[in-house]
Peer 1: 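First, the structure itself, so that you have it in front of you.
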Amino acid sequence: MIQTIRGTRDILPEDMPLWRRVEELAREAFRRYGFREIRTPILEKTELFARGVGEATDIVHKEMYTFSDRGREDREGESLTLRPENTASVMRAYIQHRMYADKSPGELTKLYYIGPMFRRERPQAGRYRQFYQIGVEVMGASDDPAIEAEVIEMLDWYLRELKITDTTLLINSVGEPSMRAEYLELLRAAVKLKLPQLCGDCRERCETNPLRIFDCKNGACQPVIAALPVITDSLDEASREHFEKFKAHLDARGIAYTVNPRLVRGLDYYSRTAFEITGDDGLGAQNTLVGGGRYDGLSETLGGPPVKGFGFAFGLDRMVMLLPEAEAARLRAADAPDVYLVFLGDAARERSFLIARELRAAGISLLLEFEERKLKKAMTQAAKSGARYALIIGEDEVAQDKYGLKNLATGEQESLSLKEIIWLFTTKNT
Ligand code: HAM
């Protein structure tokens with residue numbers, strides 16, 4: 001039997017109402033806050049991520065699905081990659097379509113996206129090789145920290161509306177790229193003194209990308225990591241001031257946060273504000289739900305004009321995992337059809353087709369199975385479908401043009417004309 005590839009999975013119909021809720025509510029949040037949707041290709045030139053996300057990051061270095069496209073004749077094909085994230089692609093689109101042109105001062109471009117991303121990580125609960133992200137990017141000439149606070153306010157509303165409450169907002173400033181080189185030297189020197197106490201991965205990172213040492217989950221490395229110099233202590237004055245203003249904006253909105261000076265994020269494009277939201281319960285080791293930050297230099301890295309940017313992405317897979325059980329049950333129940341149609345006899349079967357068409361045309365969701373069943377069997381089937389009502393059509397009903405509508409939760413049954421049935425569903429919204 002052919003099965004899904006490791007790290008990928010089918011999202012089955014039982015779970016789709018949960019996925020749709022997470023997506024639809026996100027669209028509603030984005031509508032309220034003035035974001036517009038963008039869809040970029042899943043395949044991009046490898047160079048986009050190598051430059052945008054950074055050669056030395058784990059994502060580019062180890063996790064991308066990269067292949068060489070078929071070349072023409074004797075020429076080699078281009079190197080293509082299944083996108084591991086979408087910020088670089090959205091910035092590419094922003095530059096390519098000159099979205100910055102014809103803007104009045106202070107005008108922002110606010111975009112959102114929903115779609116699959118690919119990273120060749122070791123699969124585990126909450127971590128997949130094909131996963132789905134919902135994200136936003138705010139781009140323009142302004143780096144006002146109020147933009148950041150408003151985006152986080154939107155996330156705060158969204159999580160509460162989804163009834164996901166056990167989360168923590170972690171924030172930090174990773175400063176300007178210009179001060180980062182100095183800090184990295186300081187960090188590298190401190191790490192070198194402790195090299196024998198660190199794991200193999202950390203020893204390698206010391207040379208390639210010492211910031212990543214803060215992501216190490218190895219227990220033995222933790223005491224060393226806790227004592228390393230933090231980026232926050234090396235911040236330039238402007239970044240420090242920016243961070244203070246950002247915190248004041250969060251305070252003014254009553255949004256709780258924890259400053260984590262070791263939060264550095266796994267992508268190279270960040271400058272100044274970085275943040276994550278973790279799920280405190282239900283995600284296990286992969287507890288980062290949302291990740292984001294400011295990426296003011298990214299446009300220039302990709303050959304674009306100077307542009308400021310701030311955004312985030314969250315894993316849809318993880319958001320669905322965090323939906324409370326009662327909420328998940330409610331969403332699944334609401335996904336069932338309004339009516340299950342039960343017919344008894346040939347004449348009723350023929351009439352059922354016409355009735356089904358009429359009710360569906362009136363907006364009622366109706367399940368009709370073509371198999372003739374005995375009444376008891378049919379009623380069991382109706383209950384199994386999750387429908388709220390069974391519509392029973394036998395010979396008498398056909399003759400009288402009145403049908404039995406049974407509420408499957410209460411067991412109450414009424415004899416009603418089609419008009420009355422339609423009225424019941426469309427006006428009372430039962
Ligand atoms: P990221 O932290 O790499 O950031 O990913 C954001 C979120 O995507 C994570 O917090 C997690 O929920 C989800 N995620 C990442 N990898 C996986 C995986 N293998 N399986 C399941 N879920 C996963 C970014 O991607 C940035 N582009 C975010 C951003 C937007 N920064 C600024 N704008």
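Both backbone and side-chain heavy atoms feed into the values below; hydrogens, waters and symmetry mates do not. Quick caveat: nothing in here was measured; it's all calculated off a predicted structure. Counting starts at 1 for both ligands and their atoms, in listed order.
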Peer 1: For Arg92, which residues count as a salt bridge (charged side-chain N to carboxylate O under 4.0 Å, His left out) partner, sequence neighbours excluded?
Peer 2: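 In terms of salt bridge (charged side-chain N to carboxylate O under 4.0 Å, His left out), with neighbours along the sequence ignored, Arg92 is linked to Glu44.
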
Peer 1: Please report the closest heavy-atom contact between Trp157 and Glu28, naming both atoms and the distance.
Peer 2: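 What the structure gives for the nearest pair is CH2-CG, 4.3 Å.
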
Peer 1: Return a yes/no value for Tyr113: is any of its N or O atoms, backbone included, closer than 3.5 angstrom to an N or O of ligand 1?
Peer 2: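 No.
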
Peer 1: Can an N or O of Arg127 be found at a distance shorter than 3.5 Å from an N or O of ligand 1?
Peer 2: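 In this structure, Arg127 places no N or O atom under 3.5 Å from an N or O of ligand 1.
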
Peer 1: With a heavy-atom distance limit of 4.0 Å, tell me whether Phe310 approaches ligand 1 through its side chain, its backbone, both, or neither.
Peer 2: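 The answer is neither.
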
Peer 1: Is Asp317 touching ligand 1 with its side chain, its backbone, both, or neither, if touching means heavy atoms under 4.0 Å apart?
Peer 2: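 The answer is neither; Asp317 stays 4.0 Å or more away.
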
Peer 1: Name the option, out of Arg119, Arg265, Glu85, that contains the heavy atom nearest to atom 3 (O) of ligand 1.
Peer 2: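 Result: the heavy atom closest to atom 3 (O) of ligand 1 is in Arg119.
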
Peer 1: Using 4.0 Å as the upper bound for N to carboxylate O, is an ion pair formed by Asp156 and Arg160?
Peer 2: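 Salt bridge present between Arg160 and Asp156.
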
Peer 1: Identify whether the distance between the nearest side-chain nitrogen and carboxylate oxygen of Glu63 and Arg129 falls below 4.0 Å.
Peer 2: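 Looking at Glu63 and Arg129, the cut-off is not met.
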
Peer 1: Can you list the atoms of ligand 1 that are under 4.0 Å from a heavy atom of Gly315?
Peer 2: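 In order of numbering, the contacting atoms are 7 (C), 8 (O), 11 (C), 12 (O), 13 (C).
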
Peer 1: Provide, to 0.1 Å, the distance between atom 26 (C) of ligand 1 and the closest protein heavy atom, together with that atom's residue and name.
Peer 2: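 Minimum-distance protein heavy atom for atom 26 (C) of ligand 1 reads Tyr269 OH, 3.3 Å.
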
Peer 1: How far is atom 31 (N) of ligand 1 from its nearest protein heavy atom, and which residue and atom is that?
Peer 2: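 Here the closest protein heavy atom is Tyr270 OH, 2.6 Å.
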
Peer 1: Would you call Cys202 and Ile213 a side-chain contact if the rule is heavy atoms closer than 4.5 Å?
Peer 2: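 Yes, close enough: below the 4.5 Å cut-off.
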
Peer 1: Which atoms of ligand 1 have any heavy atom of Glu137 under 4.0 Å away?
Peer 2: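 The list of qualifying atoms is 30 (C), 32 (C), 33 (N).
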
Peer 1: For atom 30 (C) of ligand 1, what's the nearest protein heavy-atom neighbour? Residue, atom name and distance, please.
Peer 2: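 Among all protein heavy atoms, the one nearest atom 30 (C) of ligand 1 is Thr87 OG1, 3.0 Å.
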
Peer 1: Would you kindly specify which portion of Gln133 sits under 4.0 Å from ligand 1, judged on non-hydrogen atoms: side chain, backbone, both or neither?
Peer 2: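 It is the side chain that touches ligand 1; the backbone stays farther off.
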
Peer 1: Specify the closest pair of heavy atoms between Val60 and Ala50, including all atoms of both residues, with the distance to one decimal.
Peer 2: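 Taking Val60 first and Ala50 second, the nearest heavy atoms are CG1-CA, 4.0 Å.
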
Peer 1: Give the contacting part of Leu289 toward ligand 1: side chain, backbone, both or neither, where contact means a heavy-atom distance below 4.0 Å.
Peer 2: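 The answer is the backbone of Leu289.
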
Peer 1: Can you pull out the closest protein heavy atom to atom 20 (N) of ligand 1? Residue, atom name and distance to 0.1 Å, please.
Peer 2: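 For this ligand atom, the closest protein heavy atom is Tyr128 N, 3.0 Å.
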
Peer 1: Identify the closest protein heavy atom to atom 7 (C) of ligand 1: which residue and atom is it, and at what distance?
Peer 2: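 For atom 7 (C) of ligand 1, the nearest protein heavy atom is Ala313 O, 3.6 Å.
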
Peer 1: Please state which part of Glu276 comes within less than 4.0 Å of ligand 1, counting heavy atoms only: side chain, backbone, both or neither.
Peer 2: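 Neither part.
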
Peer 1: Where is the tightest heavy-atom contact between Ile364 and Ile422, given as atom of each residue plus distance?
Peer 2: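 Taking every non-hydrogen atom into account, CD1-CA, 4.3 Å.
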
Peer 1: Looking only at heavy atoms, which two atoms of Pro116 and Ile42 are closest? And how far apart?
Peer 2: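 Smallest heavy-atom distance, with atoms named: CG-CD1, 3.8 Å.
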
Peer 1: Can you name the salt bridge (charged side-chain N to carboxylate O under 4.0 Å, His left out) partners of Asp143, sequence neighbours left out?
Peer 2: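 Salt bridge (charged side-chain N to carboxylate O under 4.0 Å, His left out) check on Asp143 returns Arg272.
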
Peer 1: For atom 28 (C) of ligand 1, what is the nearest protein heavy atom, given as residue, atom name and distance?
Peer 2: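 In this structure, atom 28 (C) of ligand 1 has Gly291 O, 3.4 Å as its nearest protein heavy atom.
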
Peer 1: Under 4.0 Å, heavy-atom basis, I'd like to know which part of Phe118 is in contact with ligand 1: side chain, backbone, both or neither.
Peer 2: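 The answer is neither; Phe118 stays 4.0 Å or more away.
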
Peer 1: Can you tell whether the side chains of Asp335 and Arg20 come within less than 4.0 Å, N to carboxylate O?
Peer 2: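 Salt bridge between Asp335 and Arg20, a charged N being under 4.0 Å from a carboxylate O: yes.
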
Peer 1: Identify the protein heavy atom lying closest to atom 21 (C) of ligand 1, giving its residue, its atom name and the separation to 0.1 Å.
Peer 2: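 Its nearest protein heavy-atom neighbour is Gly126 O, 3.3 Å.
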
Peer 1: Check each atom of ligand 1 against the heavy atoms of Gly292 and keep those under 4.0 Å away; list them by number with element.
Peer 2: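 Once the distances to Gly292 are compared, the set is 31 (N).
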
Peer 1: In this structure, is the centre-to-centre distance between the rings of Phe275 and Tyr257 below 6.0 Å?
Peer 2: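 When the ring centroids of Tyr257 and Phe275 are compared, they turn out to be at least 6.0 Å apart.
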
Peer 1: Parallel, tilted or perpendicular: which fits the ring planes of Phe30 and Tyr112, with parallel below 30° and perpendicular above 60°?
Peer 2: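 Correct class here is tilted.
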
Peer 1: For ligand 1, which atoms sit closer than 4.0 Å to a heavy atom of Leu267?
Peer 2: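 Listed by number with element, the hits are 3 (O), 4 (O).
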
Peer 1: Among all protein non-hydrogen atoms, which one is nearest to atom 32 (C) of ligand 1, and what is the separation to 0.1 Å?
Peer 2: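 Nearest neighbour among protein heavy atoms for atom 32 (C) of ligand 1, to 0.1 Å: Gly311 O, 3.2 Å.
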
Peer 1: Heavy-atom distance to atom 18 (C) of ligand 1: which of Tyr295, Phe314, Phe131 wins?
Peer 2: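 Checking each option, the heavy atom nearest atom 18 (C) of ligand 1 is found in Phe131.
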
Peer 1: Got a second to check how far Ile231's CD1 is from Arg262's CZ, nearest 0.5 Å?
Peer 2: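 Ile231 atom CD1 to Arg262 atom CZ measures 12.5 Å (nearest 0.5 Å).
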
